[in-house]
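This one's a predicted model, so the numbers in the text were calculated from it and none came from an experiment. The figures that follow rest on heavy atoms only: side chains count, while hydrogens, waters and symmetry mates do not.
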Amino acid sequence: KYPTLGELELRSKDHLMRILEIEDDELIPLFIRSKSNVHTVVNARYELNFEQGDMLVYLGKASEELIWEKENSSSLQN
């Protein structure tokens, strides 16, 4: 449906957790790319030592603006 890979720079581990809570078929998180390693999303929830510049690599047509909107709308619902 959306065969595009995108990257989003993560601001913090909390930022990553909020993005992972978004349920949308336009944003499918694949892995976290850091300067020194690649982490699966499952392991990142528990084992990632966040570093400035870590990138979330995702499949989908979602843009940074769309992710920001979805992230903020889901945090307003909580």
- What distance separates Leu8 CG from Ile19 CD1, expressed to the nearest 0.5 Å? 4.5 Å
- Query: Step by step, would you call Leu59 with Thr4 a side chain to side chain contact (heavy atoms under 4.5 Å, CB included)?
  - Reply: CA-CA 6 Å; Leu59 180 66; Thr4 304; 5.8 Å; no
- OH of Tyr58 to CG of Leu30, rounded to nearest 0.5 Å, is 10.5 Å
- Query: If you round to the nearest 0.5 Å, how far is OG of Ser34 from CD of Gln52?
  - Reply: 12.5 Å
- Task: Would you name the heavy atoms of Asp54 and Lys35 that are closest together and state the gap between them?
- Result: OD1-N, 4.4 Å
- Task: Using the test side chain to side chain contact (heavy atoms under 4.5 Å, CB included), find all partners of Arg33 that sit at least two apart in sequence or belong to another chain.
- Result: Glu7, Phe31, Met55, Val57
- Drop me the distance from Glu51's CD to Ile32's CD1, to the nearest 0.5 angstrom. 12.0 Å
